[in-house]
Each structure stands twice: as C-alpha cells, then as structure tokens.
Q: 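Here you go, one structure.
Order of the sequence lines sets the chain letters (A, B, ...), proteins ahead of strands, with each chain counted from 1.
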Amino acid sequence: NGQGLKNEAAMSELVPEPRQKPVVPMKPMGINTSLLGYIGIDTIIEQMRKKTMKTGFDFNIMVVGQSGLGKSTLVNTLFKSQVSRKSSGWNREEKIPKTVEIKAIGHVIEEGGVKMKLTVIDTPGFGDQINNENCWEPIEKYINEQYEKFLKEEVNIARKKRIPDTRVHCCLYFISPTGHSLRPLDLEFMKHLSKVVNIIPVIAKADTMTLEEKTEFKQRVRKELEVNGIEFYPQKEFDEDLEDKTENDKIRQESMPFAVVGSDKEYQVNGKRVLGRKTPWGIIEVENLNHCEFALLRDFVIRTHLQDLKEVTHNIHYETYRAKRLNDNGGLPPMTVETEENHESNL
Amino acid sequence: MCVTYNMRAAPPRPSGLLWGRGARVRAGPCTARGGVALGGEAPPPRPAVRARERSSGPAAAGGAEIFSCPCLKMSKQQPAQFTNPETPGYVGFANLPNQVHRKSVKKGFEFTLMVVGESGLGKSTLINSLFLTDLYPERIIPGAADKIERTVQIEASTVEIEERGVKLRLTVVDTPGYGDAINCRDCFKTIISYIDEQFERYLHDESGLNRRHIIDNRVHCCFYFISPFGHGLKPLDVEFMKAIHNKVNIVPVIAKADTLSLKERERLKKRILDEIEEHGIKIYHLPDAESDEDEDFKEQTRLLKASIPFCVVGSNQLIEAKGKKVRGRLYPWGVVEVENPEHNDFLKLRTMLITHMQDLQEVTQDLHYENFRSERLKRGTRKIEDEEVNKDQILLEKEAELRRMQEMIARMQAQMQMQMQSGEGDSSGHHV
C-alpha cells in the first residue's frame with residue numbers, strides 16, 4: 001500500500017479529491033505535490049461500496065395519478081420486474097375504490113451484487129371520484145406518518161443501529177396527456193405536496209401525442225408549473241454547486257416533465273427483443289429515445305439521482321418536518337412511549 | 001346520378017355528407033338497385049326495385065328509391081313488383097315519396113348534435129373531422145388555474161353544409177368545462193337544464209298559434225366521450241349518462257383511440273358495455289335492418305352494432321403515407337390513418353351518424369320529447385290542483401305569520417322605547 005508518511009503536518013493538508021475510485025490502488029496522480037507517497041485514503045470509497053452492497057439500501061417510490069394512466073405498468077418497466085400492486089396475474093376487473101387508498105408493496109431486487117429493498121406505494125382512487133376535493137389529504141397524511149415514524153425512532157433512547165426508512169423518497173405524479181394543459185386537480189395536488197416530498201411530474205401514455213404536440217404540451221405544463229410556483233424535483237434551491245446547477249437546469253428546462261410510455265411485453269424489432277407496444281401502425285419502443293422519454297426517466301431516477309433523492313428527502317423534507325414537530329412541542333423532542341410500534345422491524 | 005356511400009371505399013368529396021329527413025342512404029355498390037338520387041333530380045326510370053319499408057308499391061315512375069318518409073307509414077313488406085306506368089289500374093301515388101323527398105330537400109334539414117366529455121379528449125378535432133369543417137377557428141385553451149373557477153358552459157355553433165343541393169343546418173352544442181373542476185357534482189346540471197329548455201321551447205312553439213316555422217333546436221344526439229386512459233367508465237360518466245339517458249340519445253365514443261392496441265380496445269369496449277348494462281344505462285340502439293334490405297346493408301348494420309362504443313381518432317391534417325395523402329396523425333413509429341377501418345372506427349361512426357340521422361331525430365321526437373311532454377303536462381296540471389286544495393290552508397298560514405310579525409314589531413318597538421329612555425337621550429330618529 002505505498003510508503004508511510006513521516007511528517008504529520010503534511011498529512012493534515014491533504015484533501016483527497018473525489019476521483020473515480022480505483023479497484024487497485026494506483027500511484028498518485030500528482031494532485032498534491034506535498035504528498036510524499038501514496039496512502040490509500042481513496043480506498044475508503046471501495047470500503048463504503050462493499051458495505052453498501054452487503055447491507056443493501058431502501059428506496060420508496062410513490063405513484064400518484066388517476067386510474068388507467070399506466071402507473072403500475074410504468075413502475076414494473078422501470079425496475080424490470082413485477083413490483084407494483086398489479087404484479088403478474090392481477091385482476092383487471094378491479095373497481096375504482098370510493099376513497100383514496102394507500103397500498104405499499106415491498107420487494108427486494110438485486111443487481112450486480114447490490115440489493116435494493118424497493119417499496120412501491122400506490123394510491124388507487126386518487127382523482128377518480130366525482131368530487132375530488134381534498135383527495136390528496138390521505139397521501140399527505142401517509143407521508144407525514146412515515147416522517148413521524150422515523151422521528152420517533154431517532155429520538156428513542158435505545159436506537160436501532162439502522163433505522164428502517166419508510167419515508168417516501170420520490171413521488172411520480174402522472175399527468176394525463178390531454179394535450180391542453182394541467183388539470184385543476186394536478187395543480188392543487190402539486191401545490192400541497194411539493195413542500196413535503198420530491199415530486200417528479202411525468203406525462204403518462206405519451207404515445208397519444210405526436211412530436212409537435214408533445215413539445216407544445218411540455219412547454220405549456222412547464223410554464224404552468226412555474227407560474228404557480230410549484231417546485232418539482234430537482235428543486236432549484238437545493239442545487240449544491242455549479243455543476244449540479246447546470247446539469248439540473250438542463251433537465252428542468254428541457255426534459256421535464258418526461259413523456260413516457262410503459263410496457264412489460266417484448267417484441268422483435270430489427271432482430272432485437274425490445275419492450276414495446278404493438279399497434280396496427282407500428283411498434284412503439286419503450287427504450288427508444290425517438291419514441292418516448294422512458295429511458296431518460298429511468299436514467300434520471302435510478303442511474304444518476306437515486307442517492308440524491310434520498311438525501312434531499314432526509315436532509316431537507318425530513319428536517320423540515322422534524323423542526324416543525326419540535327417547534328410545536330416547545331423545542332423538546334416528542335415523548336417516546338415504549339410501545340410495540342418501536343420494536344417493529346420493517347426489514 | 002348515383003351516389004354511393006360505401007364503408008369500404010373512400011368516402012365522397014369534401015363538401016360534407018348529408019342525408020336528411022326523407023332520404024335514407026343505403027350503403028352498397030351503385031347498381032340499378034342500390035342507387036339513390038338526391039337533389040331532386042329524377043333519374044331515368046328503371047326497372048324497379050323493391051320498395052323498402054314504408055312506401056307501398058314500386059317506385060316506378062321515379063325510379064329512385066326513397067326510403068322512409070316520416071309521414072308515410074304505410075304497410076311494410078310489399079313484395080317487389082314491376083309495374084308498367086301504362087298498365088290500367090296504375091294510379092301513380094307511388095310517386096308520393098318522391099315528392100315528399102323533393103320538398104324536404106328544398107326545405108333543408110336540421111340536426112343538433114351535442115358533444116360532452118372532459119377537456120382534452122379530442123372532441124373538437126373529431127367534430128371537425130366528421131364534418132370536414134373548422135367549427136372552432138379561434139380557440140383559446142385555458143390553463144389549469146383558470147379552469148378552477150370555471151363552471152360548465154354551453155356553446156352552440158351552427159354551420160350550414162350543402163352537398164349536391166341538399167342543405168343541412170348542423171348545430172353542434174359544446175360543453176366546455178365539463179369534468180374539469182375538482183368537484184364535478186354540479187357538472188351536469190347546466191347540461192340537463194339546456195336540454196330541458198330546448199324541449200320546453202319546442203313544446204311551447206308546438207302548442208302555440210303559429211306553427212308554421214317551428215325551429216327544432218332539440219338535441220337529437222349526444223356523443224359522450226369516454227377517456228381511453230381509464231379502465232372503463234368513471235363514476236362521473238356513469239352518473240351523467242344515467243341523468244340524461246331519458247332525455248337524449250347517447251352514443252358513447254372512445255376518443256383518442258390510437259392510445260390503445262387492438263387487444264386493449266376490445267377489452268375496453270367489452271368492459272364499457274358490461275358497465276353500461278350493469279348500471280342500466282340506456283344508450284342509443286341502432287334499429288335492426290329490415291328483413292327486406294339487401295345483404296350488404298344488413299351486414300353493415302350488424303357490423304355497426306357490434307362496434308359500439310366506437311373507438312375513434314380525429315384529424316384534419318394530411319399526411320403522406322404509402323404514396324398517397326391521407327388524413328391522419330404522424331408518429332415516429334408509424335402513421336395512424338383516420339379513414340382506415342383497420343386503424344379505428346371513424347368511418348363506422350360517420351356511417352352511423354349519416355344513415356341514422358333521421359332515425360335519431362325520430363327517436364328524439366317520439367320517445368324523449370313525448371316523455372318530456374307528458375311529464376311536463378302532468379306536472380303542470382298537478383300543480384294547479386294542489387294549489388286549489390291548499391288555498392285555505394295557505395290563507396290560514398299567512399294569517400298566522402302576519403300575526404307573528406305584528407307581535408315581533410310590537411316587541412321591537414317596546415325595546416326601542418326602553419333603550420331611548422335608558423340611553424343619553426340620543427335619539428336616532430328611528431321610527432319603526
């Protein structure tokens with residue numbers, strides 16, 4: 001592992017730059033010339049990685065939208081497995097529930113040695129009634145309940161080593177592709193909930209619109225969200241540095257809201273098997289960027305911003321809730337009573 | 001001159017299609033039997049021709065087949081006969097249908113179509129596609145924030161379409177704002193009161209002195225647009241249809257059908273039909289073809305009946321596909337052709353509307369209007385009876401109320417007196 005350092009003072013000046021972590025420790029690249037030798041501090045990233053792989057991590061995603069917009073299919077497509085409440089063999093004759101229900105289904109999926117405990121929280125009945133006033137309240141209540149659960153664990157005297165995280169990290173809101181504008185219900189929901197959870201607006205069943213209609217609709221939706229002061233994820237105020245800002249700006253102003261198509265059926269196109277929808281006039285390929293933006297959504301949520309979603313939830317939304325709770329309680333943590341609740345394990 | 005209206009071939013020219021009262025179109029190749037003359041011209045006499053339905057005797061002199069005149073409900077099932085005009089015993093009133101037809105053609109036809117559905121389902125585009133016009137030239141689409149405060153409105157636009165000398169005065173009643181609000185409980189009140197108003201007006205005109213120029217603004221048909229994104233009918237759809245199925249002919253239509261694959265379409269249609277039956281909703285049923293129609297027509301009617309609710313796609317844009325220009329929508333993965341029966345049911349919907357325009361009017365007149373009329377008149381007389389019986393009671397009640405008011409006034413006066421005395425002599429100058 002290289003030579004040991006003789007001078008302690010020089011060690012304290014070292015600020016290891018976050019580099020792509022090497023599997024095998026390499027010679028120093030000359031970043032800090034006072035470094036007399038290679039220490040191997042950068043291997044901490046490798047250690048963290050190994051740890052994460054062993055423990056796995058939680059991710060909770062909520063889907064909200066009127067019935068029939070393809071929420072369950074999209075979630076299945078995102079994670080390439082049957083993880084929604086409508087997993088294989090679901091009853092297509094389901095009736096619309098009279099009130100909004102919250103259904104959370106957990107699965108453990110594994111990829112490349114990494115385990116993820118994925119929970120999909122579905123909200124059937126949202127926006128389907130004749131009178132939809134306040135139909136977001138059960139959802140808001142559920143989200144706050146998860147924060148409360150986490151808070152109670154945190155302030156517990158005998159804390160668990162790893163607090164089970166049931167907080168909602170990401171909420172996909174499905175916009176109906178009318179081609180006109182948002183609906184009043186969409187606005188109301190997002191206004192109320194963008195302050196408590198990360199909302200990612202998504203245009204559902206985007207194969208309804210031609211390219212021009214899609215661009216126009218997206219522009220109009222973006223403008224409406226802006227005019228109404230709705231901050232969807234990634235929120236501008238949480239951009240940490242310039243790099244984040246430019247990257248997120250591009251996503252915010254050009255790609256979002258993502259116009260997606262979901263499917264769990266495969267077809268043969270040009271010799272390859274692709275996920276898609278077959279119609280008499282052609283096959284819509286889900287992962288083809290010319291057809292729809294599913295690939296962008298997937299990369300965004302899973303490949304690049306997954307950890308960020310969790311962090312924003314933990315550092316910002318949860319902290320806001322916590323501060324409010326403590327304030328209400330006069331600056332004191334809420335009294336924890338030893339009930340069975342605290343001993344429940346969600347693992 | 002024959003006009004063919006055949007589902008399988010491309011539809012005729014762009015000036016619109018219309019057949020009104022007194023002329024029923026039959027789809028079928030243009031043969032000596034299947035042709036229909038319009039525009040009041042008398043085609044050369046042909047060996048006829050089975051008379052259809054309500055006209056008795058062969059239409060010999062005219063040679064044209066006129067089907068169903070509203071006033072001629074003569075005996076059906078006349079066997080086909082060939083009669084030479086010179087035969088002794090030939091009177092010639094078989095030409096009557098022709099005359100009626102010619103008169104109606106001169107008068108022109110009226111039809112009122114109402115379209116109801118959530119915003120963004122493609123209603124306006126479909127209407128424009130159906131009648132090949134632009135009914136909504138300057139349309140401003142409101143944003144969501146504006147829609148929060150809006151109530152349902154009724155907008156009626158009338159357009160006169162003429163084709164080959166036949167005039168149709170088409171009124172399209174649009175209902176913007178339906179289904180937009182968060183609370184849609186009052187959505188259909190406006191619509192129902194509009195329908196009732198038109199019935200009321202007609203009733204009033206009909207009972208009036210001058211009945212010559214009654215304008216018929218009653219809603220003859222309502223296209224109800226069902227969203228293709230759901231799994232069937234929404235609660236709002238069910239409630240609305242139950243509220244108006246006794247007042248107007250409902251034709252359910254599944255809009256934006258290019259969202260659905262063929263299997264999904266079948267499933268959705270079946271689901272909707274099941275739900276309609278489950279809730280006892282009465283939609284408009286196409287009348288069965290008479291047994292003396294030719295096979296083509298029967299087959300067509302069967303096909304139409306089997307396709308309800310129709311899955312349609314509307315568009316007025318011309319796209320180049322397979323070397324020719326078609327109306328359709330261009331996607332990166334293909335072109336959806338509006339007039340291709342394999343892609344959607346647009347042609348079926350148009351056929352249904354055209355061939356049954358007259359039947360829709362009849363059902364409105366005979367069923368819905370009569371229901372309304374009897375209800376209304378019953379209600380009217382009942383009110384008068386009740387009033388007479390209750391007159392005395394009302395008088396008593398009114399007297400009692402009067403006494404109560406007088407007492408209250410007296411009390412208030414006393415109070416004011418006391419206040420004025422106990423106050424600092426501040427007289428407000430009030431006198432009760």
Side-chain angles (χ1 to χ4, degrees), chain A residues 65-70 92-96 98 127-135 174 176-189 204-213 217 220-221 223-225 227-228 261 265 276-285 288 290-292, chain B residues 118-122 125 141-150 179-185 187 227-240 256-264 267-268 271 274-275 315 317 319 321 328-337 340 342-344:
Chain A
Q66 283 188 307
S67 98
L69 282 182
R92 287 173 198 263
E93 302 302 314
E94 269 181 46
K95 298 268 174 196
I96 294 179
K98 294 272 186 255
D128 289 328
Q129 316 308 324
I130 298 182
N131 182 357
N132 289 312
E133 269 168 13
N134 302 329
C135 65
F174 285 69
S176 179
T178 58
H180 286 190
S181 63
L182 288 177
R183 305 174 77 234
L185 178 61
D186 302 340
L187 270 186
E188 285 301 305
F189 176 86
K205 297 205 168 174
D207 54 347
T208 279
M209 300 187 283
T210 61
L211 282 177
E212 305 93 52
E213 291 170 355
F217 186 50
R220 223 174 297 154
V221 168
K223 188 143 175 304
E224 265 191 301
L225 291 176
V227 161
N228 285 286
V261 174
K265 294 205 176 59
R277 288 172 58 73
K278 185 150 192 250
T279 62
W281 44 87
I283 296 186
I284 303 160
E285 298 166 45
N288 183 340
N290 291 331
H291 290 190
C292 77
Chain B
E118 285 178 1
S119 64
L121 282 183
T125 312
I141 297 177
D146 303 327
K147 284 194 212 162
I148 290 182
E149 294 307 319
R150 223 156 66 129
D180 278 345
I182 297 184
N183 184 357
C184 295
R185 209 147 268 298
C187 251
S227 168
F229 307 126
H231 291 300
L233 292 178
K234 297 210 178 95
L236 179 63
D237 300 338
V238 173
E239 287 305 309
F240 179 78
K256 293 199 170 177
D258 50 355
T259 302
L260 307 165
S261 67
L262 289 178
K263 244 197 275 179
E264 290 168 350
R267 213 188 296 144
L268 184 63
R271 182 86 188 264
D274 288 343
E275 288 184 354
S315 170
Q317 283 179 309
I319 314 272
R329 291 171 60 77
L330 177 66
Y331 290 109
W333 47 87
V335 174
V336 180
E337 297 169 41
N340 185 337
E342 282 163 33
H343 286 190
N344 67 20

Q: Could you state the interatomic distance from CG (A:Leu69) to NE2 (B:His231), rounded to the nearest 0.5 Å?
A: 8.5 Å

Q: Going by atom type alone, with no hydrogens or angles, which donor-acceptor pairs under 3.5 Å involve a side-chain atom of residues 330-337 of chain B and a protein atom two or more places apart or on another chain?
A:
residue	atom	partner	partner atom	Å
B:Tyr331	OH	A:Thr208	O	2.9
B:Tyr331	OH	B:Asp258	OD2	2.5
B:Tyr331	OH	B:Arg329	NE	3.1
B:Tyr331	OH	B:Arg329	NH2	3.2
B:Glu337	OE2	B:Lys322	NZ	3.4

Q: Need one label for B:Glu342: side chain, backbone, both or neither, based on atoms under 4.5 Å from any heavy atom in chain A.
A: backbone

Q: Let's test your reading of the structure: which of A:Glu285, A:His291, A:Glu212, A:Glu133 forms the most heavy-atom pairs below 4.5 Å with chain B?
A: A:His291

Q: My understanding is that only residues two or more places apart in sequence, or in another chain, count here; which of them pass side-chain hydrogen bond (donor to acceptor under 3.5 Å, both in side chains) with A:Asn132?
A: none

Q: May I ask you to name which of A:Leu185, A:Thr279, A:Ile283, A:Ile284 has the most heavy-atom pairs under 4.5 Å with chain B?
A: A:Ile284

Q: Is any side-chain heavy atom of A:Lys278 less than 4.5 Å from a side-chain heavy atom of B:Ser261?
A: no

Q: Which atom names give the shortest non-hydrogen contact between B:Lys256 and A:Thr178, and what distance separates them?
A: NZ-O, 2.9 Å

Q: Please give me the minimum heavy-atom distance between A:Asp207 and B:Thr259, naming the atom from each residue.
A: OD2-O, 3.8 Å

Q: Rounded to the nearest 0.5 Å, how far does CD1 of B:Ile182 lie from CD1 of A:Ile130?
A: 15.0 Å

